[in-house]
Every structure is written in C-alpha cells, then in structure tokens.
Amino acid sequence: MTDPDAPSLPTLAVPQWVGAVAGIASGVLAVAVGMLLAALTDVVSPIDAVGSEVIDRSPRWLKEWAIDTFGSQDKFVLRLGIVVILAIAAALIGAAATRRPWVGTVGFLAFGVIGALAAAHRPGETAGAGIPSVLGAIVGAVVLRVLARPKPIEVPGPSQVPLGWDRRRFFITSGAAAGVGVMAIGLSKAVADDRVQAVRRATNDSLPPLDDPSLLDEVPADATASPETPYITPNDDFYRIDTALSFPRADPADWSMEITGMVDTPLTLTYADLLALPQEERIVTLCCVSNKVGGEYIGNAVWRGVMLRDLLERAGIRPGAEQVFSTSLDGWTCGFPVEAAMDGRDAMIVLGMNGSTLPLEHGFPARLVVPGLYGYVSATKWLQSIELTTWDREGYWVPRGWSRLGPIKTQSRIDVPRSGAIAAGRQKIAGVAWAQQRGIAKVEVRVDGGDWQEARLAADLTDDAWRQWVLDWEATPGEHLLEVRATDKTGDTQTEERAPVAPDGATGHHRVKVFVD
Ligand SMILES: Nc1nc2c(c(=O)[nH]1)N[C@H]1C(S)=C(S)[C@@H](COP(=O)(O)O)O[C@H]1N2
Ligand SMILES: [Mo]
C-alpha cells in the first residue's frame, strides 16, 4: 500500500514502556543465546562467570552476611540478584532506545563485553569463553532494534501520518522473542546438567576395593549417643561450602595433579596413579571457619585416599619451604604450614568419602583433608596442584580478611533438644563436641546457669573426629537455658567468651532455650 516515492515514514512516537518491554524480551533472548552457546561449547555460562567474579570481589562482611542470611541458598540469591539487575538494565536500555536507537545497541554490547570479560577471566577459561556472551549481546541488540520500533498501522490513502503502532503485532513478536529465549535457557540447562551427569557417571565405582574392611563397617554403634546426629554424616547431608557456581569439569581419564614448587622432584599424578598408591582410610571431622556456635557447617566422614606426607617425601621438600599451597580447578587457593603435612597427622589427598567415590560437590576427582585445620586453609576440592612455597603466597580467603592460620577451635553443640517445646519428665540432652588433633576429654552441661554436670561420652574412635555425648535430664515445667562446654585432652576448656566467625573461628558456649510443659 505504501507509495514507493513517498518520503520515509514520519517517526512514530512509541511510548517508553514499549521500549522497556522490548528491552526485557531482547534481554532474555540475549542471555539465552549466551547461555546456550556457552553450554554447547562447554565454557562457563556468562551469568555464572559474572556471579563468580562478584563472589571473588566481595568483601568479607558481604560474604558473612550472605552466608548468615541465605545459608546454602546464597548462590541462588546471587543468581537471582544478577537476573533482576539485568532485567532492570534491559528495561531502561529498551526505554531509552525508543528515542535513541543507538543506546540500545551500545547498552546491550556493553553488557555483552562485561559478560565476555568475566568469562575469559575465569580460571581454566580462555578468551574464547567470552564469545557466547558477545554473540548473545549482538542477537539481543538486533532484536531490540526491531522490537523497539513497532510497525505503524498502515493507512489507506495518501496520508502518511500513521494511525498508531501495531500493538498486537508488538506483543506477539516480543512474546515470541522471550519465549524462544526461555526455551533456549531450558535447553542450555539440560546440556549443562547432562555434562555434570556424565562426570557423575564417570565417578561411579572407580575406586578399587580396599585391602581391609572399610572403617565405615567398623564404626561401633556406641559412637553415636545423640538420637539426632549420626556419628558419620551421610554424603547427602554433608554441608557444602565453596565459591563455585558450577562444578569444575574434570574427566578422570585426563585429569592429573601436580606437586611443584620448592621440591627436588616435581610430581605429576594421574587419577590412576593415585588409585595405584596404598589407600588409607581415616575418620576426620571437617569444619568450616564460618560455622557459628551451634552451627551446621560441620560433618564427620570416613575419608579414603593417600597420605600427603608420603608424596611430599617422594617429591623431597626443599629447605625454606614454609607453606603447602594448593589450587583447585576453579582457581580457588589455600595454604597451611608445611608442618601440618609432616608432623605425623593424617593429611590426605582424598579420593573417596564414606565408602563411595568422592562426590562431585565434595571435590571429585580429588581433594585435600587435613585434620585439625578449618576447610578454608586446607581442604581444597577439585584439586589441581600442590605447591611448596613460602608465606608470600596468600590463599583465597587471606586477602579477604581471614586469618592465615586456621587451627580448629574446641567446640561443642547441643543437638537435642533444639529450641522449642518439650515434655516434662526424663529427657536426653545430647550433641557433639570436637577438638580435632587434640581430642575430647570431657563435655559438661549446665541448666539455667547451675552447676556443670559431666555428660556421658560416646566411644572415642579418634582425636580427629567429633565425639558424641549425652546427659539425662529431669525436665521440669517452665523455660530453661541449656548450655554446653567441652574440654580437650590437653586439659583446655573451651572459652565462654563469644567471638564472631571472622577472622579465625567462633568461640563461646552453645546455648539452647527450651520450654517444658
Ligand atoms: N575448590 C574449593 N575448595 C574448597 C572451597 C572452595 O570454595 N573451593 N571451600 C573450602 C571450605 S571454606 C570448606 S569449609 C570446605 C568444605 O568442604 P565441603 O563442601 O566438602 O563440606 O571446602 C574447602 N575447599
Ligand atoms: Mo569454610
């Protein structure tokens, strides 16, 4: 119907909200294209790359606040935050693009470049990891150009003044763009999950049988005194703390780790090499420095693997080496004193957990476990290298305000009863106490600030694991304050003084308020 000789259509004044809707729809598509291309080419997703950069750049107070407020949901909240920020930005860019189309293009490309820089900067990725993000942004920018200038309703006759823009058509095209985007995001998730499943499948049954029966079968029943807390924490219930938004991808067939730095003979060890070494099992309680008094970031497992000191002896530690500094496949680092590997404690390179291959979320193919040290200085998951070095190198958390040394502090926790109402009469007060490397000698409980009463301790299997305890209590109606303290085998009783988790672990007694009726 248009007259080929007519001058171009007068520009249509499109309301800005139309641009905002177009911006969001194009934004969804841009992110989706980025995620799908990343999944298909097996590089880090742009959203995860940005999220990881945010995590790495967060100050200590923010990390503590996030763990406090969101617990293990912290990563979900982070992703949600990124999506909300992107949606707002896309809406603003789209709105501005209705007046100045170049703003849309520049705005989308700017976000694409941010995603690309983040992806290329992630450990284990190359500059190519940025390509999906840029391509996504280009697609988004082109689609925005189209969507943000909806077609005018064509006017029959000579008048070139448009009657308005075609709303129906606009909503259909925007909806289609967003819909395709949502499907592509779903597909990218499926591709990424599939890859994780492939790694999980590769982990199945890859451990050769042990010479001796597994410790797991030898844990005496009387090691568990608490009716709530099993002595060995099942893998699925074991706390998980790490900075990883997606699992580092390691194929055990071509993964290897090295021992380098101040050693006479650097070693490279494949998964098969590690499996061929004498396998040992140890019960060790792993604890996070971010575990608050009474907190959940602690678990006890039977770890299986090889002794670190044997490998360090084989490599030959050079004089002057001060720190065992380890790096993970996802670029996380930590370090502990050389003595902690060589003083006789059972620092291990771990391949198995509670009778099965080390689960992906706990560090497959291999991780470190060092009895007596908090995880943040010692327990590197998805191990890539161990470097003997001086204190010049700083592990991930050190410049972020956490202490360089992280020996685990003596602590105890009441698991039963937890706060709330309980019935009057005979009740059990029970829980766990730990002082890895020193061992637990005594646990005492007091009610309403009265005399400390010694609890009965469960079987003592090792100084490196928690010990369960229980005390019978005649509960009388009313409100009561229960309190616990532990004494380690050196005779030190844990302090009542409250200290926050930062910089080197919380102190203070765990207290539980109960209502008896
Ligand atoms: N690669 C990597 N390893 C890591 C971490 C991490 O963020 N990345 N966190 C450490 C911390 S702070 C703790 S407490 C333990 C927790 O181990 P888990 O998740 O198996 O319980 O892992 C340690 N190893
Ligand atoms: Mo931790």
Side-chain angles (χ1 to χ4, degrees), residues 48 51-52 54-56 58 60 63-64 66-68 71-72 74-75 78 122-124 203 232-250 255 257 284-292 295-305 324-336 347-354 356-386 395-398 400-409 411 434 436 466 500-506:
D48 283 359
S52 298
V54 170
I55 291 175
D56 288 357
S58 294
R60 187 178 85 186
K63 179 245 180 188
E64 278 179 70
I67 290 191
D68 261 26
S72 45
D74 57 346
K75 284 169 193 151
L78 173 65
R122 294 314 298 160
T203 70
I232 298 291
T233 315
N235 290 357
D236 289 342
D237 298 339
F238 208 94
Y239 79 97
R240 179 183 165 201
I241 291 278
D242 53 60
T243 59
L245 278 177
S246 50
F247 295 117
R249 302 172 294 266
W255 170 88
M257 58 157 290
V284 178
T285 297
L286 190 64
C287 182
C288 183
V289 69
S290 294
N291 192 38
K292 296 215 268 185
E296 303 279 321
Y297 299 142
I298 180 164
N300 190 38
V302 176
W303 306 100
R304 175 184 156 164
V324 177
F325 189 85
S326 53
T327 303
S328 72
L329 293 168
D330 61 330
W332 187 86
T333 55
C334 74
F336 54 86
M348 299 172 84
I349 295 177
V350 164
L351 307 169
M353 180 178 182
N354 289 336
S356 49
T357 307
L358 190 62
L360 195 51
E361 42 277 71
H362 294 292
F364 180 83
R367 76 174 302 170
L368 285 171
V369 168
V370 184
L373 301 182
Y374 286 121
Y376 83 105
V377 291
S378 65
T380 305
K381 306 196 268 189
W382 312 295
L383 192 57
Q384 181 176 55
S385 67
I386 293 173
Y396 184 90
W397 286 114
V398 175
R400 289 170 174 81
W402 297 78
S403 173
R404 205 182 248 296
L405 299 177
I408 294 178
K409 297 176 180 176
Q411 264 295 348
W434 59 93
Q436 290 90 321
W466 61 18
V501 293
D504 62 359

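Indexing begins at 1, ligand by ligand and atom by atom, following the structure's order. Atoms considered below: every heavy atom in the structure, side chains included; atoms not considered: hydrogens, waters and symmetry mates.
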Task: Identity and distance of the protein heavy atom lying nearest atom 16 (C) of ligand 1 - done: I241 O, 3.6 Å
Task: Numbered atoms of ligand 1 (with element) below 4.0 Å of L286, judged on heavy atoms - done: 17 (O)
TODO: With heavy atoms under 4.0 Å as the rule, classify the contact between Y374 and ligand 1 as side chain, backbone, both or neither.
DONE: neither
Open item on the list: Rounded at 0.5 Å granularity, tell me how far OG1 in T333 sits from CD in Q384.
Closed with: 11.5 Å
Task: Evaluation steps, salt bridge (Lys or Arg N to Asp or Glu O under 4.0 Å), between D242 and K75 - done: CA-CA 10 Å; D242 53 60; K75 284 169 193 151; 2.9 Å; yes
TODO: Report yes or no: does W255 contribute a side-chain atom to a donor-acceptor pair with the main-chain N or O of L383 at less than 3.5 Å?
DONE: yes
Open item on the list: Using modelled atom types and a 3.5 Å cut-off, is there a donor and acceptor pairing between side-chain atoms of N300 and backbone atoms of I232?
Closed with: no
Open item on the list: Show me which atoms of ligand 1 lie under 4.0 Å from any heavy atom of Y376.
Closed with: 11 (C), 12 (S)
- [ ] Would you please classify the geometry between the Y239 ring and the Y297 ring as parallel, tilted or perpendicular, with 30° and 60° separating the classes?
- [x] tilted
- [ ] Output yes when D504 and K409 qualify as a salt bridge under the 4.0 Å nitrogen-oxygen rule, no when they do not.
- [x] yes
- [ ] Under 4.0 Å, heavy atoms only, figure out whether ligand 1 is touched by the backbone of L329, its side chain, both or neither.
- [x] neither
Open item on the list: Out of all atoms in ligand 1, which are within 4.0 Å of some heavy atom of H362? Include the element for each.
Closed with: 18 (P), 19 (O), 20 (O), 21 (O)
Open item on the list: Ignoring hydrogens and geometry beyond distance, is a side-chain donor-acceptor pair present between Y396 and D56 at under 3.5 Å?
Closed with: yes
Open item on the list: Starting from atom 24 (N) of ligand 1, what is the nearest protein heavy atom, named by residue and atom, and what distance separates them?
Closed with: A379 O, 2.9 Å
Open item on the list: Can you confirm, on distance only, whether ligand 1 has an N/O atom lying under 3.5 Å from any N/O atom belonging to R240?
Closed with: no
Task: Region of W382 engaging ligand 1 - heavy atom pairs below 4.0 Å - done: side chain
Open item on the list: Below 4.0 Å, non-hydrogen atoms only: which portion of C288 touches ligand 1? Side chain, backbone, both or neither.
Closed with: both
- [ ] Measure the distance from atom 22 (O) of ligand 1 to every protein heavy atom, then report the residue, atom name and distance (to 0.1 Å) of the closest one.
- [x] R367 NH2, 3.5 Å
